[in-house]
Amino acid sequence: MTGTPPSLPTEVDVVVVGAGGAGMTAALAAGKRGLETVLVEKSPWFGGSTARSGGGVWIPGNGALRSAGQVDPDDLEQSKLYLDSIVGGDVPKVRRDTFLDRGPEVMDFLREHTPLRFAWVPEYSDYHPEAPGGRLRGRSVEPVPMDARSLGEEELARLHPAYTKAPANLIVTQADFRKISLGLRTLRGPLTMLRVMVARLWSSLRGRKMYAMGNALAIGLRQGLVDAGVPVHYETELTDLLIEDGRVVGVRVVHHGNPTTIRARRGVILGSGGFEKNLEMREKYQPQPTSIDWTTGSVNNTGGGILAGIAAGAQTDLLDDAWWGPTIPLPSGPWFCLAERNLPGSIIVNSAGQRFMNEAMPYVEAVHATYAGEATGVQHVPAWMVIDQRYRNRYLFAGLSPRQPFPGHWYKNGTVKKADTLAGLAKEIGVPADALEETVRRFNGFAASGIDEDFHRGESGYDRYYSDPTVKPNPSLHALDQAPFYAVKIVPGDLGTKGGLVTDERARVLRPDGSVISGLYAAGNVSSAVMGHTYAGPGATIGPALTFGYLAALDIAQET
């Protein structure tokens with residue numbers, strides 16, 4: 001990342017803003033349609049939040065699912081029924097249906113023009129598998145781990161910094177993570193970890209540079225752009241859209257500190273991400289309390305594309321929502337609490353010392369429940385995840401091995417509290433002791449019977465994905481009765497915001513009156529989510545981002 005940066009072109013067919021999953025797919029599709037294309041990226045890195053993600057892609061009926069025998073004859077109709085049932089009127093049906101109709105085409109395109117290959121994530125269910133059209137076996141795929149040496153050292157150094165730093169060649173897929181999170185509870189856990197370590201050693205001995213999950217997805221897309229000859233200009237921040245006679249005809253940017261303009265003969269595609277790191281926008285649009293320190297999204301996602309679209313007259317929607325998830329505010333940064341709260345022997349309580357939701361429910365809905373509780377006047381932010389020593393002895397927790405003590409600075413920071421009794425723990429976290437004791441007593445009764453009479457935890461197939469199959473009668477429920485007891489702070493974090501510019505089924509940006517802003521397209525978190533206020537399954541952020549980025553480029557290519 002040294003030397004003189006390449007100069008920007010003054011005019012091209014298509015300008016794409018943002019080198020995340022949506023932007024890179026759009027730029028690749030435009031380039032492959034013979035359009036002179038340039039991609040500008042605000043940061044020094046490619047990949048955005050896509051590179052920091054698990055890399056899952058939720059696109060029903062795609063080729064990887066077909067190869068795995070996981071596409072039923074009526075899968076398209078069932079997928080449409082599913083989104084109809086969970087999204088409903090929050091998003092126009094034509095946009096939902098277009099995503100499902102065209103999504104598999106996008107995956108075929110990526111297979112043809114990038115080194116990316118995908119594999120089904122076994123048994124990772126849709127997030128609402130009991131809803132009409134929901135699928136318990138799941139519709140999510142993830143990138144097959146890939147060797148990134150062909151990208152070159154200089155460009156590989158521009159891969160967006162990871163959410164968590166892993167040793168070189170330590171490849172853990174989403175499918176692996178589920179097994180490893182159970183520690184030694186099943187034989188699959190240690191066997192999977194052994195396989196991962198052997199693979200790491202073998203890759204290192206052969207000089208490979210192996211990547212998985214979101215890193216692999218980002219690298220594969222970037223390699224596709226290199227092969228297609230589509231240039232990427234880093235440290236080039238969008239400041240405004242160039243508009244003439246009501247049409248977007250280019251962008252104004254600051255390139256390495258120098259203001260300049262790039263004209264677009266055919267169109268501009270925004271793929272610049274959400275506004276999770278813009279505190280002013282969060283405080284204006286989102287439920288309170290909120291913080292830019294609770295998100296795991298990219299530090300560069302400050303809403304520049306959304307603000308530019310608003311200035312151009314675009315309609316916005318879903319700005320009050322996000323790809324939420326209960327999050328642990330560790331001293332080193334937020335930890336998105338994916339499996340920890342689903343494992344048996346844990347509960348989450350509010351300031352009254354009471355449970356207020358099914359702790360194992362899908363993460364977007366879990367934060368919706370948190371904010372709904374906050375609105376009643378009882379403090380739910382922060383909440384506290386209560387566990388006992390048995391839980392701590394059994395399972396991985398926020399990157400720590402089973403039995404590994406919580407670090408001292410987690411206690412010093414106030415993220416973790418510990419006591420020998422529940423009454424003592426209640427004092428530590430400032431909740432009524434009698435209420436916490438009664439909450440745990442009642443929950444322990446549910447664990448014994450296997451039925452959560454209050455919130456039905458463990459009844460959904462999704463609840464059971466990150467549960468412990470060795471625990472009976474309900475793999476999601478176990479008593480908390482082995483001292484000492486711990487409480488871990490939980491805040492409403494997110495993977496990124498999901499509100500933005502309203503688009504149609506062709507990814508064209510719309511005005512409040514429904515008319516099209518000519519020449520302007522958007523995909524990914526800069527646009528309002530096709531998933532509405534919910535989340536269909538693992539990868540339901542990235543799947544639509546890839547699809548509508550691709551469709552935007554195709555629409556531009558087809559326009560005369």
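Numbering of residues begins at 1 and proceeds along the displayed sequence.
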Nearest 0.5 Å please: distance from the [atom1] atom of [X] over to the [atom2] atom of [Y].
X	Y	atom1	atom2	answer
Met107	Arg117	CE	CZ	11.0 Å
Trp384	Ile490	CH2	CD1	9.5 Å
Ile86	Thr534	CD1	OG1	4.5 Å
Ser203	Arg208	OG	CZ	5.5 Å
Leu480	Ile387	CG	CD1	8.5 Å
Thr295	Trp323	OG1	CH2	13.0 Å

Mind running side chain to side chain contact (heavy atoms under 4.5 Å, CB included) on Arg394 and Val471 for me, showing each step along the way?
-> CA-CA 12 Å; Arg394 287 179 170 180; Val471 172; 4.0 Å; yes
Is there a donor-acceptor contact under 3.5 Å linking the side chains of [X] and [Y]?
X	Y	result
Asn301	Glu276	yes
Asp321	His368	yes
Ser476	Asp463	no
Trp45	Asn300	no
Gln70	Arg139	no
Ser460	Glu130	yes
Tyr462	Tyr124	no
Asp468	Tyr395	yes

Give me the atom names and distance for the closest heavy-atom approach of [X] to [Y].
X	Y	value
Gly220	Pro115	O-CD, 3.6 Å
Pro382	Lys489	CB-CG, 3.5 Å
Ser298	Gly48	CB-C, 4.4 Å
Leu65	Gly61	CD1-N, 3.7 Å
Pro122	Ala175	CD-CB, 4.2 Å

Under the salt bridge (Lys or Arg N to Asp or Glu O under 4.0 Å) rule, what do Arg95 and Asp504 come out as? Steps first, then yes or no, please.
-> CA-CA 6 Å; Arg95 189 164 172 243; Asp504 65 9; over 6 Å; no
Stepwise salt bridge (Lys or Arg N to Asp or Glu O under 4.0 Å) check, Arg137 with Asp72 = CA-CA 11 Å; Arg137 290 175 294 168; Asp72 299 322; 3.3 Å; yes
Sequence neighbours left out, what passes side-chain contact (heavy atoms from CB on, under 4.5 Å) with [X]? Give chain and number order.
X	answer
Arg441	Glu438
Glu77	Asp74
Leu319	Phe275, Tyr285, Thr316
Thr98	Val94, Arg102, Glu505, Leu551

Taking atom NZ of Lys209 as the centre, report whether more than 12 heavy atoms of other residues, nucleotides or ligands fall under 6.0 Å from it.
-> no
Is it the case that more than 12 heavy atoms not belonging to Gln404 sit under 6.0 Å from its CD atom?
-> yes
Side chain proximity check, [X] to [Y], heavy atoms < 4.5 angstrom:
X	Y	answer
Val349	Gln354	no
Phe46	Met24	yes
Ile451	Asn474	no
Leu116	Arg111	no
Val57	Glu142	no
Gln482	Asn393	yes
Trp410	Leu330	yes
Tyr211	Pro145	no

Go through the steps for Tyr466 and Leu182 under the test side chain to side chain contact (heavy atoms under 4.5 Å, CB included), then give the verdict.
-> CA-CA 8 Å; Tyr466 283 116; Leu182 291 172; over 6 Å; no
Under the ring-ring contact (aromatic ring centres under 6.0 Å, His included) test, residues paired with Phe443 that sit two or more places apart |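 By the ring-ring contact (aromatic ring centres under 6.0 Å, His included) rule, Phe443 matches no residue at all.
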Test log, rule side chain to side chain contact (heavy atoms under 4.5 Å, CB included), inputs Cys337 and Thr327 = CA-CA 5 Å; Cys337 198; Thr327 296; 5.8 Å; no
Any chance the rings of [X] and [Y] have centres within less than 6.0 Å?
X	Y	result
Phe397	Phe406	yes
Trp324	Tyr371	yes
Tyr521	Phe548	no
Tyr486	Tyr391	no

Checking Lys472 side chain against Pro469 main chain: does a donor-acceptor pair fall under 3.5 Å?
->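 Yes, Lys472 side chain to Pro469 backbone: donor-acceptor pair under 3.5 Å.
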Judged by atom type as modelled, is there a donor-acceptor pair below 3.5 Å linking the side chain of Ser351 to the main-chain atoms of Gln379?
->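 Pair found, side chain donor or acceptor close to backbone of Gln379.
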Using a strict 4.0 Å threshold on nitrogen-to-oxygen distance, state whether Asp108 and Arg66 make a salt bridge.
-> yes
Ion pair Arg282/Asp494, N-O distance below 4.0 Å |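 Answer for the salt bridge query: yes.
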Check each of Tyr465, Trp58, Tyr363 against Tyr127 using the ring-ring contact (aromatic ring centres under 6.0 Å, His included) test, and report the only one that passes.
-> Tyr363
Take Arg457 and Glu359, measure what salt bridge (Lys or Arg N to Asp or Glu O under 4.0 Å) needs, and give me the verdict at the end.
-> CA-CA 7 Å; Arg457 178 171 166 181; Glu359 295 87 350; 3.1 Å; yes
Pairing residues for Glu459 by the side chain to side chain donor-acceptor pair (under 3.5 Å) criterion, not counting sequence neighbours | His456
Might you work through the side chain to side chain contact (heavy atoms under 4.5 Å, CB included) test for Leu83 and Lys93, ending with a clear yes or no?
-> CA-CA 9 Å; Leu83 288 194; Lys93 181 172 174 56; over 6 Å; no
Can you check salt bridge (Lys or Arg N to Asp or Glu O under 4.0 Å) on Arg355 and Asp452, steps first, answer last?
-> CA-CA 11 Å; Arg355 295 176 67 214; Asp452 177 1; 2.8 Å; yes
